[in-house]
Amino acid sequence: MKQEIEQAIVAAVKELFDVDESAELSRPDEQFGDYSTNVALRLAKQFGKNPREVAEQLSVKLRENLGDRVIDISVAGPGFINIRLSDATLLTGLTSSGQVPNTGKKILVEYSDPNPLKPLHAGHLYTTLVGDVIARLVESSGAETIRLNYGGDVGLHVGKSLWAIVRQLGGEYPEKLDEIPEPERPAWLGARYVEGNDAYEDDETAKAEIIAVNKKVYGLHETGDRDSAFAHVYWTVRQWSYEYFAHLYDQLGVVPFDRFIPESEVTALGTQTVKEHTGSVYQESEGAVVFDGEAYGLHTRVFINSEGLPTYEAKEVGLLETKWNDYHFDKSIVITANEQAQYMQVVFKSIEQFQAEPISRTTHLTHGFVKLTGGIKMSSRKGNIVSALDILEVARAAGAKSGRTPDETVTLAAVKYAFLKNRIGADIVYDPEESIALEGNSGPYLQYAHARARSILRKSENQQGGLTDLEADERMLVRKLTEYPEVIAKAAQELLPHLICTYLYELAQTFNRFYENNRVISDPREASRLQLVTLYANTLKDGLGLLGITAPESM
RNA sequence: GUACCCGUAGCUCAGCUGGAUAGAGCGAUGGCUUGCGGAGCCAUAGGUCGUAGGUUCGAAUCCUGUCGGGUACACCA
């Protein structure tokens, strides 16, 4: 429907002015019509003509070409062309299937990326939820979607944790780990990381020992050691971490990852590649291997440190190569926090020097921090962090406080929607009470709106159908419903999940306005209206589904 | 010091590939109410879009400066 009209405009422009000009339709205020275009304004600028005259000429041509598919085409304001569709045309928009522009393409989405032996904080929750939705969106656009999870099972943070773990155990005694009850393991590991981190900063002896432990861990991977006492400790606590991650993902109800790529898996490849290009792309400097980003307006970073160990940068090189070798992707999306933005630019710029193609297909999205309302600030150091599970806890507490019976489905909807409704990029302020509230722009509100619509449908035993000759209020709702595929397409194209949230909330408002003044059951137009309610409920359910939020039949 | 992100109503945010009177939610005030789930609907108040310039017929949107908040800048991830 939309494409048809866009094509008609392009054709009319070609016919009248003999130029190829794209014509993008936007959704104007209801008073102006169903669609609007500003091509006349752009053409007028191009040719130095009066925009209103151009618009008039175009609208005459469009009326001829579109015939009875439209009921009104008018010129307004500085030179907009507003188009009002006939009911019949508008209604075709309800049945048009969603676009699948990425059919046949392979798209990788990397997100969540927790590090074993480190606590999961609220930021991980954010990237996990955003990534889950981006992947769902990409999938809905027809692409073969591969969900990747990259995590640091080697590196200095592992050295810190492991140093503290061995110390706590009184030596390399893996059997002592069995004494720690399963539920306490995440917190126990978190505490060890904090100890290790503190010791590294405050104690020179400990620092040296931690560096040695770090090296030892790399050694385990190089030699394939799984049998020594030290190896037992390492592999056991590493496994604990992965179990803990799985537990969180399971609780969140996110789509399972297709593959976990631990850093240890890409270390060798990354190191080798950096070494191969040392002297050309990378340079030796002060005993380390660096990339001189300053030549490109960026900053310089170390890829292999003076201990001869690869840093995160070199591993990232190995990761990208692994992705490219294993998948030959059409597009690769990486989602991390803002703080990694400039670091990633340096890494990508360096890889671009010898592997331009995969870099040109890679998009790095970044998001801000999660703050709790009331000024509780989170620091990733010293252990006073808000963990991912804490967020769920405060949401549950807010739900309990509101006097309703706690329901995990509603809690999850509250948290997910609160995190997703803002545009990715800036920091977000999480307000548990607002998120769980049933009034206002919240996840539970939309769940409720859906349940309410289903309830109407359950109550009627009559047939539905015959949606024609729309009344004004019905038409408003139909118009809003036809926006859905356009919103999804845009959200998928621009990787902006919050567009779905905004739309669903507006849809619910549109429905409530309709419902306020119009009966459904035992109205002469019951059959038509039942169908409208069905379409509305299905759209809500589908949209919430893309957000990873379930839509219960009743609540 | 250099770079990146952010600055829109009291609060939390949409709007940003320039376009028609800047929109929501929460909070405030006032209505609707024997309602198919009112967890709603309607209305009022509240904004010189941080600020100063520039480009343009037209700027919240683009450019430059500036102020404020955050982040990154060599061997952490």
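Everything quoted here is computed from the prediction, not taken from an experiment. Proteins get letters first, then strands, A, B, ... in listed order; numbering begins at 1 in each.
Atom OH in Tyr430(A) sits roughly 16 Å away from atom P in U12(B) (whole-Å rounding). Rounded to an integer number of Å, the gap from Asn338(A) CG to A72(B) C1' is 11 Å. The distance from atom CZ of Arg452(A) to atom C1' of G35(B) is 9 Å, rounded to the nearest whole Å. Rounding to whole angstrom units, OH of residue Tyr150(A) and P of A77(B) are separated by 9 Å. As a whole-Å value, the separation of Glu516(A) CD from G38(B) P is 8 Å. Rounded to a whole Å, the CZ atom of Arg519(A) is 8 Å from the C1' atom of G35(B). Distance, Leu298(A) CG to A74(B) P: 13 Å, rounded to whole Å. Whole-Å rounding puts the Glu434(A) CD to A24(B) C1' distance at 12 Å.
Using N1 to N3 plus N6-O4 or O6-N4 for Watson-Crick, or N1-O2 and O6-N3 for G-U wobble, each under 3.5 Å, G47(B) pairs with nothing. In this structure, C73(B) forms a base pair with G1(B), meeting either the Watson-Crick or the G-U wobble geometry with both donor-acceptor distances under 3.5 Å. The nucleotide C62(B) finds its pairing partner in G54(B), both defining distances of the Watson-Crick or G-U wobble pair being shorter than 3.5 Å. The partner of G40(B), taking Watson-Crick or G-U wobble pairs whose two distances both stay under 3.5 Å, is C32(B). Across all strands shown, G68(B) pairs with C6(B); the Watson-Crick or G-U wobble distances both stay below 3.5 Å. With a cut-off of 3.5 Å on both pairing distances, the Watson-Crick or G-U wobble partner of U12(B) is A24(B).
Within 4.0 Å of Thr366(A), counting heavy atoms only, lies no atom of the nucleic acid at all. Counting any heavy atom pair closer than 4.0 Å across all strands shown, Tyr515(A) reaches a base atom. Residue Ser285(A) is classed as a base contact, given a heavy-atom separation below 4.0 Å to a base. Residue-level contact check: Met344(A) touches neither bases nor backbone, having no heavy atom under 4.0 Å from any strand.
Contacts classified as salt bridge (charged side-chain N to carboxylate O under 4.0 Å, His left out) and involving residues 496-518 of chain A (residues at least two apart or in different chains) are given here: Lys480(A)-Glu506(A). Under the salt bridge (charged side-chain N to carboxylate O under 4.0 Å, His left out) criterion, the residue pairs touching residues 443-458 of chain A are Arg454(A)-Glu553(A), with sequence neighbours excluded. Residue pairs meeting the side chain to side chain donor-acceptor pair (under 3.5 Å) criterion with at least one partner in residues 301-310 of chain A, sequence neighbours excluded, are Lys215(A)-Glu307(A), His299(A)-Arg301(A), Arg301(A)-Glu313(A).
Annotation for Pro114(A) and Leu120(A): closest pair CB-CD2, 3.4 Å, computed over non-hydrogen atoms.
Checked against ring-ring contact (aromatic ring centres under 6.0 Å, His included), Tyr35(A) has no partners two or more places apart in sequence or in another chain. Partners of Asp431(A) according to the side-chain hydrogen bond (donor to acceptor under 3.5 Å, both in side chains) rule, which considers only residues two or more places apart in sequence or in another chain, do not exist here. Scored by the side-chain hydrogen bond (donor to acceptor under 3.5 Å, both in side chains) test, Thr37(A) finds no partners at all (sequence neighbours excluded). Legend: residues meeting side-chain hydrogen bond (donor to acceptor under 3.5 Å, both in side chains) with Lys421(A), ordered by chain and number and at least two apart, are absent.
For the P atom pair drawn from G1(B) and G10(B), the interatomic distance equals 32 Å after rounding to whole Å.
A donor and an acceptor atom sit less than 3.5 Å apart, one in the side chain of Tyr448(A) and one in the base of G37(B).
Looking at Asp34(A) and Arg475(A), a side-chain N of the basic residue comes within less than 4.0 Å of a carboxylate O on the acidic one, giving a salt bridge.
Regarding contacts with the backbone of U71(B), every side-chain N or O of Gln340(A) stays at 4.0 angstrom or more from both OP1 and OP2. Within the 4.0 Å cut-off from OP1 or OP2 of C42(B), at least one side-chain nitrogen or oxygen of Arg513(A) is found.
Nearest to the side chain of Phe369(A), among C13(B), U71(B), G37(B), sits U71(B). Nearest nucleotide to the Glu339(A) side chain, out of G40(B), G25(B), A72(B): A72(B). Which of C36(B), C75(B), A24(B) sits closest to the side chain of Ala288(A) comes down to C75(B). Which of G40(B), A72(B), A77(B) sits closest to the side chain of Tyr218(A) comes down to A77(B). Between C76(B), G70(B), A74(B), one nucleotide has an atom nearer to the side chain of Asp427(A) than all others, and that is G70(B).
Residues from residues 299-316 of chain A with heavy atoms under 4.0 angstrom of RNA chain B, sorted by number: His299(A), Arg301(A), Val302(A), Asn305(A), Ser306(A), Thr311(A), Tyr312(A), Lys315(A).
Of the residues listed (Leu298(A), Ile351(A), Thr300(A), Asp292(A)), the one engaging Val346(A) in a side-chain contact (heavy atoms from CB on, under 4.5 Å) is Leu298(A), and it is the only one.
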Checklist entry - How does protein contact run along nucleotides 14-23 of chain B, one letter per nucleotide 5' to 3', with B for base contact, S for sugar-phosphate only, - for none, heavy atoms under 4.0 Å? => result SS-B-BBB--

Checklist entry - Stepwise, does the ring pair (Phe, Tyr, Trp, His ring centres under 6.0 Å) test hold for Tyr312(A) with His157(A)? => result CA-CA 11 Å; Tyr312(A) 190 41; His157(A) 66 282; 9.0 Å; no

